[in-house]
Amino acid sequence: MAKARKNAASATPLPPSSPNNNMNIGEYDEDCNDKRGRGQLKWKFTHFMTAVQYILRIITSTAFSTTAMAFILASLFITDEELQSTSMKIGMGYLCVAKPLLSTLHICCDIDLGEKDGKGGRTMTRIIAFSFLLSIICNQFPKWLSAFVACCAVFAFGLASRQLVSQQSQSTVIHSQLEHTTHNDDSNVFQRTWSRLSLKERAALGGIAVVASLLIENFIIWVVSATYQPGIDGSPESLQDNGRIVLEKLVTKIFNVNAPRMAANALQKLRDSLNVQWSLVSSFGASLVCLELQLGKKSQRTLPGLAFHAVMTLALARVIRTISFFLTVLPSQVPNCYARHFPPPPEEWTEWLMIGFLPNSRGGCNDLILSGHATITSTLGCAFTSAASNTSFSIAVWTLIALDYSIEVYQGLHYSVDMWLGCIVTCLLWQLTKPLEIGGDREQQNQNQNGNTTKGSTVRPPPLNATIVGIYALPAILAFVVLTVVPEAYVNYFLLGFSLWVGVIFARFGFTNFLQHVLLCELCFGLGAYL
């Protein structure tokens, strides 16, 4: 008994109940209620998204596409013109506009996409598809707002993509290693120099090559137009364009009008509301962001590799285009085109140079084969659809591109063969230049060096301050000013100025993140001006 009393006395007494303990129990209950509420909200959101995906999956299914085709075929046998127009509008509107947009929205919302492509692939595809849709939404607002959003995105990406690893010491070692390995190389100087360049340095040179090709092409457009005497004297008879004839007949049926020109305003409003060109630019920028910030699945593709591939494809396409319309001059389909675009041919050669340097962003008169518009849009389409790597999204994008080309042919701005060849030649060039994404000796040395780099050698960039923000904001602000304020006659001067700026930075410091930022800002306002 004594031992039992001793054990009872030594036992730890239970703490008396206190208000604090009651408060802890209450806080625990509140935490449980909060977690339960968040779980229910997540459950409701998941079920809502599942319902949305189910609806989109049905609307974009093959059955709906077959039904739309049935509406188009049935309209061919309908005698009532109003009913025929309605039937064709439903079928063509779904296939050419509604389904591409809904398919893109389905990709943005599809939670099952991760099971098909992997988590990283899902992230990249969703971001690119979302940027495509977001750009179309922003197109419904004033132009300055779209330009502001684009420049802010470039500015934010420039700050976010600052290098986390100091490459200065590595570059010295790599350069000396390359000098040693190529000292006894029998290849010529150009091959040795080119193999030592990294993909970023090659992309910078490719950007300068694109600007040079655009400036030369711009001058040749003026020369060809000013030396084509029938165009100067009046409006020469245009060539027969069977593609345009078919489109005009189709338009008269769809809109139930007596003359094709009566539907011109409606088609132009549709083209302006979609503004496929800016959507392509936005998606291309999103693909660059995903590759640079490694938001997608692990891949050998990189931002400089994709950018170099794109700019060289575009440069080659523009060179082929310039040679094509310089060799054979086709008459313009636009009445009095020369009088609307150019002054009378001057006598002094200095005036020829000054006029030829003014940007022809609205197009010339006889620069028809190949279409410059088609080369740019096809390059952008090939670039970001290859990065997204989703068949449904690619079909949606190219459907909208084909619609944009068709409207331009209907408007008589280009022959149908111009758009066809511009798209086909550019896509073939894209496949031909795929090896350009593979790095040279410098890239291999970088991979080996990074593989042997220890954690202690990583150096974070200096923290953000007003100076760094101001430096990165300057090119973005200039790009916004060029897009919204600067007259088109002066855009080429800014392109030349930015190219010189890039050349100076590259000569003094090599390829830096700020140089990449300046190039992206130049790409932003350059495409905005010429598109």
Side-chain angles (χ1 to χ4, degrees), residues 56-76 78 83-108 129 132-133 135-137 139-140 241-257 260-280 282-283 371 373-374 377-378 380-382 384-385 390-414 416 418-420 422-424 427 531:
L56 291 174
R57 189 177 294 113
I58 293 176
I59 296 176
T60 58
S61 63
T62 306
F64 262 71
S65 300
T66 305
T67 305
M69 294 179 184
F71 269 90
I72 298 174
L73 293 176
S75 66
L76 301 177
I78 298 176
L83 184 59
Q84 183 186 52
S85 173
T86 303
S87 179
M88 294 192 72
K89 281 182 180 178
I90 293 175
M92 298 297 293
Y94 172 80
L95 291 177
C96 298
V97 180
K99 184 176 181 179
L101 297 180
L102 292 174
S103 298
T104 305
L105 179 61
H106 182 218
I107 292 171
C108 296
F132 189 84
L133 280 181
S135 178
I136 294 178
I137 295 173
N139 289 332
Q140 315 310 314
D241 189 353
N242 294 330
R244 185 185 180 189
I245 293 173
V246 172
L247 289 173
E248 287 179 343
K249 290 185 179 298
L250 184 62
V251 166
T252 56
K253 295 293 183 181
I254 294 176
F255 292 93
N256 192 21
V257 293
R261 285 294 155 192
M262 298 177 66
N265 291 334
L267 286 175
Q268 186 59 45
K269 288 181 180 178
L270 174 63
R271 192 182 186 195
D272 292 338
S273 62
L274 293 175
N275 200 352
V276 177
Q277 299 95 321
W278 264 115
S279 301
L280 298 176
S282 175
S283 300
S371 167
H373 171 72
T377 52
S378 297
L380 296 175
C382 289
F384 73 80
T385 53
N390 184 279
T391 304
S392 299
F393 181 54
S394 298
I395 294 174
V397 169
W398 286 105
T399 300
L400 292 175
I401 291 176
L403 175 64
D404 187 70
Y405 291 172
S406 300
I407 296 177
E408 186 161 346
V409 171
Y410 158 80
Q411 293 172 333
L413 302 177
H414 266 287
S416 54
D418 304 338
M419 311 304 295
W420 165 253
C423 178
I424 293 299
C427 292
L531 284 177

Does CZ in Phe71 sit with more than 12 non-hydrogen atoms of other residues, nucleotides or ligands closer than 6.0 Å?
no
Tell me the closest heavy-atom pair linking Leu133 and Cys108, and the distance in Å.
CD1-SG, 4.1 Å
For Trp398, look at atom CH2 and say whether over 12 heavy atoms of other residues, nucleotides or ligands are found less than 6.0 Å away.
yes
Can any side-chain N or O of Thr104 pair as donor or acceptor with the backbone N or O of Pro100 at less than 3.5 Å?
yes
I want to check something: taking the side chain as every heavy atom from C-beta on, are Leu274 and Asn139 in contact at a cut-off of under 4.5 Å?
no
Just verifying a value: how many Å separate Ser378 OG and Ile401 CD1, rounded to the nearest 0.5 Å?
6.0 Å
Any chance you could measure Ser85, atom OG, to Ile90, atom CD1, to the nearest 0.5 Å?
9.5 Å
Please report the shortest heavy-atom distance between Thr385 and Ser394, naming the atom on each side.
CB-OG, 3.6 Å
Tightest non-hydrogen contact, residues Cys427 and Cys382, listed as SG-SG, 3.7 Å
Atom CZ of Phe132 and atom CG of Leu105: how far apart are they, to the nearest 0.5 Å?
12.5 Å
List for me each residue that meets salt bridge (charged side-chain N to carboxylate O under 4.0 Å, His left out) alongside Asp404, sequence neighbours excluded, and say none if there are none.
Arg271
Does some side-chain heavy atom of Leu270 sit less than 4.5 Å from a side-chain heavy atom of Ser273?
yes
Can you see which heavy atom on Tyr410 is nearest to which on Arg261, and at what distance?
O-NH2, 3.6 Å
Check residues 245-256 and write down every donor-acceptor pair under 3.5 Å in which the side-chain atom is one partner and the other belongs to a residue at least two apart or another chain.
{"from": "Glu248", "atom 1": "OE2", "to": "Arg244", "atom 2": "NE", "distance (Å)": "3.2"}
{"from": "Thr252", "atom 1": "OG1", "to": "Glu248", "atom 2": "O", "distance (Å)": "3.4"}
{"from": "Thr252", "atom 1": "OG1", "to": "Lys249", "atom 2": "O", "distance (Å)": "2.6"}
{"from": "Asn256", "atom 1": "ND2", "to": "Glu82", "atom 2": "OE1", "distance (Å)": "3.2"}

Under 3.5 Å, side-chain donor or acceptor atoms of residues 61-68 against the rest of the protein: list the pairs with distances, not counting sequence neighbours.
{"from": "Ser61", "atom 1": "OG", "to": "Ile58", "atom 2": "O", "distance (Å)": "2.6"}
{"from": "Ser65", "atom 1": "OG", "to": "Ser61", "atom 2": "O", "distance (Å)": "3.4"}
{"from": "Ser65", "atom 1": "OG", "to": "Lys99", "atom 2": "NZ", "distance (Å)": "2.5"}
{"from": "Thr66", "atom 1": "OG1", "to": "Thr62", "atom 2": "O", "distance (Å)": "2.8"}
{"from": "Thr67", "atom 1": "OG1", "to": "Ala63", "atom 2": "O", "distance (Å)": "2.8"}

To the nearest 0.5 Å, what is the distance between CG (Leu95) and OG1 (Thr399)?
8.5 Å
Starting at NE2 of His106, measure out to CZ of Phe393 and round the result to the nearest 0.5 Å.
14.5 Å
Starting at CD1 of Ile107, measure out to OG of Ser392 and round the result to the nearest 0.5 Å.
5.5 Å
Correct closest heavy-atom pair for His414 and Asp241 would be O-OD2, 4.2 Å
Using a 6.0 Å cut-off, check whether atom CE of Met88 has over 12 heavy atoms from anything other than its own residue.
yes
Gln277 and Asn275, any side-chain heavy atoms less than 4.5 Å apart:
yes
Does any non-hydrogen side-chain atom of Val276 lie less than 4.5 Å from one of Leu403?
no
Are the side chain of Ser87 and the backbone N or O of Leu83 linked by a donor-acceptor pair below 3.5 Å?
no
